[in-house]
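Chain letters run A, B, ... following the sequence lines, proteins first and then strands; every chain starts at 1.
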Amino acid sequence: MAAKKKGPKTEDRRPKKTAEPAPHAEGKWSEWFARKARERRYWLVKSEPEVFSFDDLVRAPKRTTHWDGVRNFAARNFLRDGMKLGDHVFFYHSMANPQVIVGICEVVREGYPDPSAFDKKSYGYDENSKPDDPQWYMVDLRAVDQLPRPVTLPEIKARKELADMALIRIGRLSVTPVRVKEWETIVKMAG
DNA sequence: GCCAACGTTGGC
DNA sequence: GCCAACGTTGGC
């Protein structure tokens, strides 16, 4: 294993031959996902429908919102480094009855500093985040479509092929990657 | 309302 | 650097 480089990344086109450790080895999920982030195209974000529902997103101007307020480093890394223009994102209702994936949205602006962290009056204010050294990031998401039918968390848990979903493995994370196969399975379940 | 699974903080 | 205490998220 090569030593980690510091500073700006340099291009290295050699194929990486390093064997991939099992993702759950040593519980290093966030590191594993951070490394895999480049390869991924699908994500899942959580929101409490009482606070901001998928319908709220559909009704928003341009069906778009700033996904602000995330204050978890693993989730921040996905927002800042992982999510790319055009990536598709499941919209999940947490703290709902039942919890469900209700719709699909799309990244329309890549990670940029979350201004609510700079605002003393904001709930998301963080004195450690300065405009010239921001700690917290957000993306802009635009509603694409409601799922034909919501897919519930119990349904997801009942599927063996979805047992490894980050949604299941890291229950508290509010922004998680979704593998292509997982995405396709869930879209099929909804259809 | 309870609790599991973390992340954060602070004492040492 | 370790670890106990505490806080938060979110499922049940």
Side-chain angles (χ1 to χ4, degrees), chain A residues 1 3-4 6 21-37 40 42-57 65-83 89-105 111 113-130 133-139 141 146-147 149-179 182-183 185-186 189-190:
Chain A
M1 178 95 71
K4 264 192 194 143
K6 294 229 165 158
H24 44 285
E26 302 163 33
K28 304 245 170 153
W29 278 92
S30 60
E31 285 178 25
W32 185 79
F33 284 127
R35 269 189 290 119
K36 296 289 270 187
R40 208 166 6 243
Y42 297 110
W43 307 88
L44 179 148
V45 295
K46 297 180 184 178
S47 184
E48 301 182 20
E50 301 285 315
V51 178
F52 190 80
S53 68
F54 188 72
D55 280 344
D56 290 331
L57 179 59
T65 191
H66 315 299
W67 205 258
D68 62 356
V70 172
R71 297 293 181 270
N72 169 284
F73 287 108
R76 186 278 310 271
N77 293 346
F78 293 138
L79 292 171
R80 187 189 59 186
D81 310 325
M83 293 170 102
V89 183
F90 281 138
F91 196 111
Y92 175 92
H93 283 171
S94 62
M95 308 299 282
N97 230 330
Q99 301 82 268
V100 278
I101 297 175
V102 283
I104 292 172
C105 42
D114 177 351
S116 71
F118 310 139
D119 177 4
K120 278 197 174 137
K121 281 170 283 185
S122 163
Y123 179 76
Y125 176 67
D126 180 356
E127 59 175 4
N128 294 316
S129 189
K130 307 283 185 204
D133 184 22
Q135 300 295 302
W136 304 113
Y137 283 72
M138 61 187 190
V139 297
L141 296 178
Q146 239 184 0
L147 291 181
R149 150 190 108 69
V151 175
T152 71
L153 182 61
E155 288 178 84
I156 292 168
K157 286 188 165 174
R159 289 284 196 121
K160 223 185 275 176
E161 67 266 45
L162 297 178
D164 268 344
M165 272 192 85
L167 172 70
I168 309 300
R169 303 296 297 248
I170 324 175
R172 296 165 311 102
L173 249 198
S174 64
V175 180
T176 56
V178 177
R179 296 182 183 86
E182 295 164 346
W183 181 275
T185 299
I186 288 167
M189 288 164 76

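- Between C:dG10, B:dT8, C:dC12, one nucleotide has an atom nearer to the side chain of A:Phe73 than all others, and that is B:dT8.
- The distance from atom CE of A:Met165 to atom C1' of C:dG10 is 16 Å, rounded to the nearest whole Å.
- A:Gln99 comes within contact range of the sugar-phosphate backbone alone, with a heavy-atom separation under 4.0 Å but no base atom that close.
- Across the protein-nucleic acid pair, A:Leu44 atom CG and C:dT9 atom C1' stand 15 Å apart, rounded to whole Å.
- Counting to the nearest Å, the C1' atom of C:dG7 and the CZ atom of A:Arg71 are 17 Å from each other.
- Put simply, CE on A:Met95 is 7 Å from C1' on C:dT9, counting in whole angstrom units.
- For A:Phe91, the ring pair (Phe, Tyr, Trp, His ring centres under 6.0 Å) partners are A:Phe54, A:Trp67, A:His93, not counting sequence neighbours.
- Residues passing the side-chain hydrogen bond (donor to acceptor under 3.5 Å, both in side chains) test with A:Glu50: none are found, sequence neighbours excluded.
- Going from atom CD1 of A:Ile168 over to atom C1' of C:dT9 covers 15 Å, rounded to whole Å.
- Checked by atom type, the side-chain pair A:Asp55/A:Ser53 shows no donor-acceptor distance below 3.5 Å.
- The A:Asn72 side chain lies nearest to B:dG7 when the options are C:dG11, B:dG7, C:dG10.
- Atom CG of A:Leu167 and atom P of C:dG11 are 8 Å apart (whole Å).
- A:Glu50 has its CD atom 16 Å from the P atom of C:dT9, to the nearest Å.
- For A:Gln99, there are no side-chain hydrogen bond (donor to acceptor under 3.5 Å, both in side chains) partners at least two apart in sequence or on another chain.
- In terms of the side-chain hydrogen bond (donor to acceptor under 3.5 Å, both in side chains) criterion, A:Arg76 has no residue partners (sequence neighbours excluded).
- The backbone N or O of A:Phe52 sits less than 3.5 Å from a side-chain atom of A:Ser47, completing a donor-acceptor pair.
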Extract all donor-acceptor atom pairs below 3.5 Å that involve side chains of residues 171-178 of chain A and protein atoms in other chains or at least two apart in sequence.
none

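- For C:dT8, neither phosphate oxygen OP1 nor OP2 lies less than 4.0 angstrom from any side-chain nitrogen or oxygen of A:Lys46.
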I'd like a table of atom pairs between the protein and nucleotides 1-6 of chain B - only N or O on both sides, under 3.5 Å - with the distance next to each one.
residue: B:dC6; atom: O3'; partner: A:Arg172; partner atom: NH2; Å: 2.7

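- Taking side-chain N and O atoms only, A:Tyr92 has a distance below 4.0 Å to OP1 or OP2 of C:dG11.
- In this structure, A:Trp136 places its CH2 atom 12 Å from P of B:dG7, rounding to the nearest Å.
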